[in-house]
Number of protein chains: 2
Amino acid sequence: MADTDTGTPRERYRAQVRAEVKRHAWEQLAAAGASALSLNAIAKRMGMSGPALYRYFAGRDELITELVRDAYRSLADTLRETAAAEPGLPALAHALRDWALRDPHRYFLVYGTPVPGYHAPDDITSLAREIMATLLDACAALPPNVPAPSPAGSGTPFDSHLAEHRQWAGDHPAAPAALHRAVVLWTRLHGVLSLELAGHFTGMGFDPALLFASELDALAGPVAH
Amino acid sequence: MADTDTGTPRERYRAQVRAEVKRHAWEQLAAAGASALSLNAIAKRMGMSGPALYRYFAGRDELITELVRDAYRSLADTLRETAAAEPGLPALAHALRDWALRDPHRYFLVYGTPVPGYHAPDDITSLAREIMATLLDACAALPPNVPAPSPAGSGTPFDSHLAEHRQWAGDHPAAPAALHRAVVLWTRLHGVLSLELAGHFTGMGFDPALLFASELDALAGPVAH
DNA sequence: CGTGATGAGTTACAACTTATAACGAACGCG
DNA sequence: CGCGTTCGTTATAAGTTGTAACTCATCACG
């Protein structure tokens, strides 16, 4: 959120209105998804008439971009704080799952079907990198006795490929196995979460939470819980 | 596709027009995604004026439902034919990946962010079950010496949970480890595919195809390729 | 403390969209 | 061959995003 108590009175007011627009946007988004987001409806709920919002957002795209940015920031903050408070992969994974279940539409805003003409600005890709860095930190700090993500162990073809293409990890001094673990932690947990949130498990009978826990255990090593 | 050469001339014409509408819909969908699908634009491209399409589809929702149905059917057919022609998990997985890459928007129509008010009709859930059945068949036919999906081996808590909640598998006589393998085959490959198609790997440096192959190897057992 | 620029909010409008209603014309079945 | 079903049309309603022009409050500055 932008500062709401700094700058000139005009800037303060502007920040407040922008914040309130986003508040209503989140409500509308949580209720009916991104495609149902209507500037007109938000304006009417705030007691103003349609075009007034164009003083605050250049259009629907800018509002959505802002929401995506806030969602990324929220996830990055949540993971970082969790990693600081309770180290280890399980805490991180469950923080991710809780964050996703708290507001599924927000998760889909980040990791769901991309909107047609949308290209993420630079600051969003840096937030995405921060998320991956948090996962990678946790994977690098893992004791060396947990099993590798692939049954074949370390030194798989993908391990060496990752070791040579690690710019996504910045200059993180992680072993290839840690890089591999971080990537598949991401993709596997996302695989379970996205299908669960989209409702593809309903009617199948099993408990998605147990599947999530099973996938987590396969990567974090079995721990007491 | 509905039969285009049976029934009365009226029914034939009707089926042809419906098919052509869907053809244009797929073009528009592949170009700009589901949210950009416009009945008006389709009508104009076909040389008729807007409301004419309502003779053929009750509305946008029914058209999209029909496209989702066709997408499911196409995937189910592709997987079934692949399984018949070349048994084994690798062929199945690569058929899935090829199908997804051929038309990413079609993949998202099936496994992407759900549309707000949409509930899948029964015949679509049965197509989804057919897809899972194909995966499960391939997993059940696997030689018993491939490593289990979890490092802890068979008999994990989730294995027994799945053994007790297997209605999604119908009355398939698969071992718990096969059920587990089929589910995680689905979720892990979807995890990689959906993030790849959404562009979340661009700029990270590594090759998504190798990650996909790595995840597949971890489930199918290392094979020559 | 006034005065003037800045900016907020308003209405009006254009160009879209989905969807319904009413009408004429064409088609095909008996 | 005629009559009814159905198709395609236009007109209309109720939305949407977004721009333009105008009013008026507010804020800053001399």
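A, B, ... follow the sequence lines: proteins, then strands. Residue 1 opens every chain. Computed from a prediction, not measured in an experiment: that's the story for all the values here.
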> Donor-acceptor pair, distance only, cut-off 3.5 Å: does the side chain of Arg129(A) make one with the backbone of Gly170(A)?
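Not confirmed, Arg129(A) side chain does not pair with Gly170(A) backbone.
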> Measure from CG on Leu63(B) to C1' on dA19(C) and round the result to the nearest Å.
14 Å
> Is the phosphate of dA20(D), meaning OP1 or OP2, less than 4.0 Å from a side-chain N or O of Tyr54(A)?
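False: Tyr54(A) side-chain N/O out of range (4.0 Å or more) of dA20(D) OP1/OP2.
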> I need the CD-P distance between Glu11(B) and dT5(D), as an integer number of Å.
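Between P of dT5(D) and CD of Glu11(B): 15 Å.
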> Hey, does the side chain of His161(B) reach the backbone of Asp207(A) with a donor-acceptor pair shorter than 3.5 angstrom?
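Flag set: sc His161(B) to bb Asp207(A) pair under 3.5 Å.
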> With a 4.0 Å cutoff (strictly under), does any side-chain N or O of Asn40(B) reach OP1 or OP2 of dT18(C)?
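Asn40(B) to dT18(C) OP1/OP2: side-chain N or O found under 4.0 Å.
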> Expressed as a whole number of angstroms, how long is the span from Leu39(B):CG to dA19(C):C1'?
9 Å
> Out of dC7(D), dT11(C), dG28(C), which nucleotide sits closest to the side chain of Pro51(A)?
dT11(C)
> Within the structure, does a side-chain N or O atom of Tyr56(A) lie under 4.0 Å from either OP1 or OP2 of dG9(C)?
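Indeed, a polar side-chain atom of Tyr56(A) lies that close.
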> In terms of the nearest nucleotide of DNA chain C, which residue is placed more toward the 5' end: Asp61(B) or Arg10(B)?
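Upstream on the strand: Asp61(B).
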> Using whole Å, report how far CD of Glu62(A) lies from P of dT19(D).
12 Å
> Is the CD atom of Glu20(B) crowded by more than 12 outside heavy atoms at less than 6.0 Å?
yes
> Could you tell me how far apart Leu53(A) (CG) and dT17(D) (P) are, to the nearest whole angstrom?
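One finds 9 Å between P of dT17(D) and CG of Leu53(A), rounded.
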> Between dC7(D) atom P and Phe57(B) atom CZ, what is the distance in whole Å?
13 Å
> By nearest heavy atom, map Arg55(A) and Lys44(B) onto DNA chain C; which one lands nearer the 5' end?
Arg55(A)
> What is the distance, rounded to the nearest whole Å, between atom CE of Met48(A) and atom P of dT10(C)?
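Roughly 7 Å, once rounded to whole Å.
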> So if I take every side-chain heavy atom of Arg60(B) and compare against dT16(D), dC7(D), dA19(C), which nucleotide ends up nearest?
dA19(C)
> Does dG9(C) have OP1 or OP2 sitting under 4.0 Å from an N or O in the side chain of Ser49(A)?
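No, outside the criterion.
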> Between Arg69(B) and Glu66(B) (salt bridge meaning N to carboxylate O under 4.0 Å), is one present in this structure?
yes
> Rounding to a whole Å, what distance do you find between Arg12(A):CZ and dT26(D):C1'?
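Arg12(A) atom CZ is separated from dT26(D) atom C1' by 13 Å.
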> If only side-chain N and O atoms of Ser38(A) are considered, is one of them under 4.0 Å from the OP1 or OP2 phosphate oxygen of dT17(D)?
yes
> So do the side chains of Phe158(B) and Asp217(A) get within less than 4.5 Å of each other, counting heavy atoms only?
no
